[in-house]
**Q** 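Have a look at this one.
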Amino acid sequence: MKKIILLLTLFTSLGFTATPAQVEQYLSVSNAEEELISLEREFSAMQNSFSQDTNSSTYDMQMLTLRFKEYLQKHLSDNEMDEILANYKNIILLQFVSASSQVQNNDLNESDAYIKKLMADPQSNVRIGLIEKIRDKFYSKEALVLMFDDLMKPLIQKGIGGDKINQELLKNSKENYIKMMTNAAKKELLYTSKDFTIEELEALLKIAKTPATEHESKAVFGGMAYALKEFFMSLANRYDVSKHQPQQTKH
């Protein structure tokens, strides 16, 4: 009887898993669904380019969204999802999501020019510092490590020459992946928030520091890895590891 009570107490404290309705609501208020649709288009084009080279069956890209939803539902409790959705009631976060959606269609040269000018201006140090703190919450190192371990690492190991990859090279690959992702995230956030005031960035940072954002970051990156893994593995026999390894530093 004590074991049953203990299990029931634990189950209650953890909460039920997120509901399909909560997941759908999350996709509607965040830009996650737009990113998934964009990935579906890009990877469909990639798959079509390979279709004449092999006789392998094609991967149904609609599975990306289905698998992503499945992951969110399993890895977030209903309470955690409620907290995440509550964040999206904040006008600052909604403005940021809207800005992120618009930036995706902008010219890359315009973004690079803005960031270069910003980085050269000493008066921008406060803005840049706030963005770096926001970046570290939205793109946490723990979430990026999860993405690498669950998606990139299996791709490397299954790719051509992957059987020759030792632990040191794998470690270097992980470090370079995290560095690349954090740098890319910083640039993206700098340009996305170009019209935000310092006060608005401080408000955004306050949201980024909430436990809900931590839950969201882990779930989204884990969900992306889960959604993409099967497709990536279907391409593994075309992935030449030797062409994607960083140059080794001479001592």
Side-chain angles (χ1 to χ4, degrees), residues 32 35-36 38-59 61 63-64 67-68 70-72 74-75 108 111-112 115-116 119 128 131-190 214-251:
E35 292 181 359
L36 282 168
S38 176
L39 285 174
E40 286 178 5
R41 287 197 299 264
E42 291 177 10
F43 288 131
S44 289
M46 181 189 299
Q47 183 168 244
N48 291 337
S49 69
F50 286 128
S51 61
Q52 297 179 349
D53 299 332
T54 67
N55 295 321
S56 59
S57 58
T58 58
Y59 182 76
M61 291 303 162
M63 289 299 297
L64 298 183
R67 289 169 67 84
F68 182 73
E70 177 189 345
Y71 188 94
L72 292 188
K74 287 183 177 180
H75 289 79
L108 181 62
S111 171
D112 289 342
I115 293 172
K116 184 177 181 180
M119 299 296 287
I128 295 171
I131 288 298
E132 288 176 341
K133 291 177 182 178
I134 293 169
R135 184 269 318 272
D136 291 343
K137 297 298 181 181
F138 284 168
Y139 297 82
S140 69
K141 183 176 180 180
E142 187 174 356
L144 294 178
V145 167
L146 178 65
M147 186 80 165
F148 181 89
D149 288 344
D150 288 357
L151 183 62
M152 304 309 299
K153 180 180 176 180
L155 174 63
I156 292 172
Q157 293 176 324
K158 292 288 184 180
I160 300 170
D163 56 333
K164 298 181 177 63
I165 296 296
N166 57 38
Q167 289 302 310
E168 182 179 358
L169 285 174
L170 203 57
K171 178 182 177 182
N172 290 338
S173 294
K174 178 185 286 192
E175 291 174 351
N176 279 283
Y177 174 80
I178 293 173
K179 182 178 180 180
M180 177 191 70
M181 290 290 287
T182 52
N183 287 339
K186 179 179 177 179
K187 290 181 179 180
E188 178 187 335
L189 293 176
L190 282 172
E214 181 181 359
H215 297 320
E216 180 184 6
S217 177
K218 291 178 184 176
V220 168
F221 279 94
M224 286 291 184
Y226 177 72
L228 292 170
K229 185 174 181 179
E230 189 173 331
F231 171 65
F232 269 41
M233 291 303 96
S234 72
L235 300 179
N237 62 340
R238 306 183 185 102
Y239 181 83
D240 190 340
V241 174
S242 64
K243 296 180 180 179
H244 300 273
Q245 290 302 309
Q247 295 294 323
Q248 298 300 305
T249 303
K250 294 181 180 180
H251 298 285

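Every value quoted in this text rests on a predicted model; they were computed, and no experiment measured them. Scope of the values below: all heavy atoms of this structure, side chains included, with no hydrogens, waters or symmetry mates.
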**Q** If you measure from CD on Glu216 to CG on Leu72, what distance do you get to the nearest 0.5 Å?
**A**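 Output value for this atom pair is 9.0 Å.
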**Q** If I take atom OH from residue Tyr177 and atom CG from residue Leu170, how far apart are they, to the nearest 0.5 angstrom?
**A**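 CG of Leu170 is found 13.5 Å from OH of Tyr177.
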**Q** If you round to the nearest 0.5 Å, how far is CD of Glu230 from CZ of Arg67?
**A**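 Output value for this atom pair is 5.0 Å.
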**Q** A side-chain contact here means heavy atoms from C-beta on lying under 4.5 Å apart; do Phe148 and Ser173 qualify?
**A**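 Side-chain contact under 4.5 Å: yes.
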**Q** How long is the straight-line distance from CG of Asp136 back to CG of Leu144, given to the nearest 0.5 Å?
**A**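 These two atoms lie 9.5 Å from each other.
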**Q** Out of curiosity, Met147 CE to Leu228 CG, how far, rounded to the nearest 0.5 Å?
**A**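 The distance works out to 6.0 Å.
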**Q** Which heavy atom of Ile128 sits nearest to which heavy atom of Met119, and what is that distance?
**A**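 Result for this residue pair: CD1-SD, 3.6 Å.
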**Q** Just say parallel, tilted or perpendicular for the rings of Tyr226 and Tyr71, cut-offs at 30° and 60°.
**A**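 Aromatic pair Tyr226/Tyr71 classed tilted.
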**Q** So, applying side-chain contact (heavy atoms from CB on, under 4.5 Å) with Lys186, which one of Leu190, Asn183, Leu189 is it?
**A**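 Single pass found, and it is Leu190.
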**Q** Between the main-chain N or O of Phe138 and the side-chain N or O of Ser217, is there a donor-acceptor pair closer than 3.5 Å?
**A**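 Judged by distance alone, yes, a pair lies under 3.5 Å.
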**Q** Does atom CD of Glu142 have more than 12 heavy-atom neighbours from other groups under 6.0 Å away?
**A**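 No, not enclosed.
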**Q** For the pair Thr182 (side chain) and Lys179 (backbone), establish whether a donor and an acceptor sit closer than 3.5 Å, ignoring hydrogens and angles.
**A**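 Checked: pair present.
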**Q** How close do Arg135 and Ala185 get, heavy atom to heavy atom, and via which atoms?
**A**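 Shortest heavy-atom separation between Arg135 and Ala185 comes out as CG-CB, 3.8 Å.
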**Q** List the atom of Phe68, the atom of Ala32, and the distance in Å for their closest heavy-atom pair.
**A**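 Smallest interatomic distance, heavy atoms only, reads CE2-CB, 4.1 Å.
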**Q** Do you know which two heavy atoms are closest between Asp150 and Ala225, and how far apart they sit?
**A**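 Heavy-atom minimum between the residues: CB-CB, 3.8 Å.
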**Q** Please give me the minimum heavy-atom distance between Val145 and Lys174, naming the atom from each residue.
**A**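 Smallest interatomic distance, heavy atoms only, reads CG1-NZ, 4.1 Å.
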**Q** If you apply the rule salt bridge (Lys or Arg N to Asp or Glu O under 4.0 Å), what do you find for Asp112 with Lys187, and how did you get there?
**A** CA-CA 8 Å; Asp112 289 342; Lys187 290 181 179 180; 5.7 Å; no
